[in-house]
Amino acid sequence: MSSKVRHIIAEVIGVPVEQVGDDASPATLEAWDSLRHMNLIVALEEELGVTFDDDALSRLTSLPAILAELSRVQVAA
Amino acid sequence: MTLAMNGRAWERAAAPTPAHEVRLHVLRNATFEALRDLTAERAQARALKLRTTFSGYDPLLEVFGAAPDLRHTSATLILLTLDGLQGAWDGDRLDAGAALDIVTKLAHSALTEGTRSVLVSTFLPPIDAGPAFIDHAALYRLNADIAAFAASDPRVALVDVARFAAQLGEDAALDPRFWAHFKAPYAQPLLDRIGEAVAAHLAEQAGQIRKVVVVDCDNTLWGGIVGEDGLAQLSFSAHDAKGRPFHAFQRQLASLRRRGVLLAIASKNEPADVHAVLDHPEMVLRRADFAAERIGWGDKAESLVALSRELGIGLDAFVFVDDSAVECARVSQALPMVEVVQVPARTHQLPRVFARTPGFSSRQATEEDLRRADDYVAERKRAAEREHWQDRDAFLRSLAIVLSVGEAREPDVARLAQLCQKTNQFNLTTTRLEAAEIRRMMDSERHLVVHVSARDRFGEQGIVGLATVAEGEDGVLSIGAFMLSCRALGRSIEHALLAETVRLCRGRWGAREIRGRYAPTSKNLQTRDFYGAAGFLLESESDAGRGFVLPTSAEIKQPFVHRIESRWS
C-alpha cells in the first residue's frame with residue numbers, strides 16, 4: 001500500500017517517486033500545495049476505491065497521515 | 001501599442017510549432033484551479049496550447065488595484081459564485097443589479113487591459129443558502145442580463161454555467177465536500193462542461209470554425225429511401241410523427257444557413273430522385289439552399305474532397321452528417337479533419353445531433369454571411385462561364401468586375417473583423433484583428449485600413465479584402481494584415497488592393513519604402529511569392545517568414561487592371 005500511495009503522490013504532485021520519502025508532506029515537497037492536495041485526494045479516492053471522511057480531508061497532509069487514515073478506513077470496511 | 005501587438009501576433013502565427021499558443025485568465029472568487037488541466041486538454045484536442053492564470057480570490061481588488069497586463073491574453077473568463085460576492089448577496093437577499101454591475105465592471109476592465117475577449121458566466125443560486133434561497137426572480141433576471149450583455153458586444157461571449165448545472169442536476173454539479181474544505185464549489189462534470197465551452201470559444205477565436213455542413217439524404221434529410229420507397233412514402237412533414245424529427249433537423253440546417261454556414265449534399269442516389277424530393281412543397285430545405293451537391297454512386301470521402309475544392313473551403317471546416325455507420329467510418333478514417341456526425345438510430349434524437357458538435361460560429365452574422373450561400377450559386381455560374389473562355393484576361397473581362405477600394409469606414413468594421421477571423425488561405429500574416437483594434441487603427445494617423453469590395457455581373461460580393469499599414473516610430477511603413485476572401489481568389493483583386501494601398505500610403509506619407517511580410521502557416525503557401533511577383537524585393541528569409549520591401553518609386557505589377565468605382569455601399 002505504501003508504495004502505491006507514494007506513486008500516486010509522485011504523479012499528482014509532479015515529482016520523481018524517489019523524492020517521496022517516508023515522511024513526505026508539504027514541508028518536504030514544495031510542489032505539494034493546496035490545489036495539488038485537492039487533486040491528490042481525488043486521485044487517492046479513485047485509485048484506491050475509498051471515500052475519505054469529511055474531517056479527514058484537511059488532516060491528510062503527509063504520507064504517514066494518509067497511510068494511517070487508509071488503514072483505518074479499510075479496517076472499518 | 002497596436003503596432004507592437006501586430007508584431008507579436010505575426011510571430012505567433014509564424015511559429016514553427018503547429019500548436020497555436022493561447023492564454024486564458026480567470027477572474028474568480030472561489031477555487032477553480034481544476035479547470036486548468038481540464039481546459040488545457042480540451043484545447044489540446046483543438047491544436048491549441050493553453051496557459052491559464054487565475055486572479056486572487058477577490059477579483060475586484062485586482063481590477064481596481066494592480067491590474068495585470070492582459071495584452072497577450074486570448075480570453076478572460078469571469079467565473080463567480082454568489083457566496084461571498086460582496087454587495088450582491090448578503091445571505092438573505094440577492095441584489096441582481098449589483099451582481100451584474102460587478103460582472104460588467106470586470107469585463108470592461110479586462111478588455112481595457114487588452115484581453116481579446118471576455119467570457120461571462122451565468123450564476124447558480126448561492127450554495128450555502130440551499131433550499132432557503134427563494135429569490136429566483138432576481139436570479140433569473142441577473143442571468144438574463146448577463147446573457148444580454150454577452151450578446152450586445154462581439155468581444156463578449158457567454159458560458160452558461162446555470163444551464164450546464166440544470167442539465168446535470170445539482171447533485172452532479174456541486175461538490176459540497178470540496179466546497180467546505182477548499183472553497184471549490186463545482187464537481188468534475190460541471191467543470192468539464194465549463195472547460196469544454198471555454199476551449200470551444202478559444203478555438204473559434206483562433207479561426208477554427210465549421211463553415212460547411214454536408215448531409216446525406218435518405219434517413220438523414222428525410223425518413224425513408226427515395227430510390228426504394230418512392231417520394232410518396234418518405235417522412236419529412238411536420239404533421240406526422242415520423243417526419244417531425246426530420247422537419248426539425250431541416251429547420252436547424254436552414255437556420256445555420258441563415259447564419260452563413262453553407263449546406264451541401266453528398267448522397268448515393270439518382271440526382272433526379274433527390275431533386276424531386278427537394279422540390280416538394282413540404283420540404284423546409286429546397287434545391288437553392290444547397291451551395292453544392294455530389295449525388296451519384298461514388299465514394300463519399302472523394303465527394304467531400306470535391307466539394308471542398310468546389311467551395312474553396314478547407315475540409316477542416318466541414319461537418320458530415322450521415323445515417324450509415326459505414327459511410328461515417330469511411331469519412332472519419334480517410335478525412336480525420338472532418339467532424340463526422342452519425343444520425344442516431346432512434347430518429348427522435350435527430351434534432352439533438354448538433355448539441356455535442358460545437359464549432360459553428362457563435363458570432364452575429366454580417367450582411368455578407370446572409371448573402372454567402374447565394375454567392376456560391378453565382379460562383380457556380382462563373383465557373384461555367386470560365387469554361388467558355390480560353391484565356392484568363394478574356395474570362396475576367398467577361399465577368400465585368402467592378403471594385404470599390406479605399407480607406408475603411410465604420411460600417412465596414414464588423415465585416416473586416418470577420419474577414420480577419422475567417423481568412424486562412426490568401427492571408428499573408430494571418431493577423432486576427434478584432435473590431436476594436438481595427439477601429440483604433442482607423443482613428444490613428446499612423447495607421448491605414450484599406451478595404452476592397454467587389455461586384456460582377458453575377459452578383460455583389462461586398463467586402464472581400466483588407467490591408468492595414470502602420471507607420472513605425474522610425475517612420476518605416478509596414479503592411480501588417482493583408483488578406484483576400486477565398487470567394488474572390490483568382491481574379492487579380494489582390495493586386496488592385498495592393499496597388500491602392502501603396503497609392504494611399506504615398507498620398508499620406510510621400511515617397512517612402514514600404515515593407516511587407518509573409519508569415520507561413522499550414523494554409524497560406526499560395527501567398528508566399530505574392531509580394532515578390534507584385535514588384536517587392538525579397539529582403540530576408542527565415543523560418544518565421546519572408547520580409548519584402550517596395551522601393552520608393554516602384555509600381556505594383558498588376559496582371560489585370562480592374563474597373564474601380566467610388567464606394568457604392
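Here is the naming used below: chain letters follow the sequence lines, and residue numbers restart at 1 for every chain.
Looking at N39(A) and E33(B), their side chains never come closer than 4.5 Å, going by heavy atoms from C-beta outward. A heavy-atom distance below 4.5 Å is found between the side chains of V42(A) and F178(B). Between I41(A) and H181(B), every side-chain heavy-atom pair lies at or beyond the 4.5 Å cut-off.
Residue E69(A) qualifies as enclosed at atom CD: its count of foreign heavy atoms under 6.0 Å is above 12. For Q86(B), the CD atom sits in a loose shell: 12 or fewer heavy atoms of surrounding residues, nucleotides or ligands are nearer than 6.0 Å. A 6.0 Å sphere centred on CG of D22(A) holds no more than 12 heavy atoms belonging to other residues, nucleotides or ligands.
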Apply salt bridge (Lys or Arg N to Asp or Glu O under 4.0 Å) to the pair R177(B) and E45(A), showing each step before the final yes or no.
CA-CA 13 Å; R177(B) 191 172 61 144; E45(A) 289 189 337; 2.7 Å; yes

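Atoms CZ and CG, from F32(B) and L35(A) in turn, are 12.5 Å apart once rounded to the nearest 0.5 Å.
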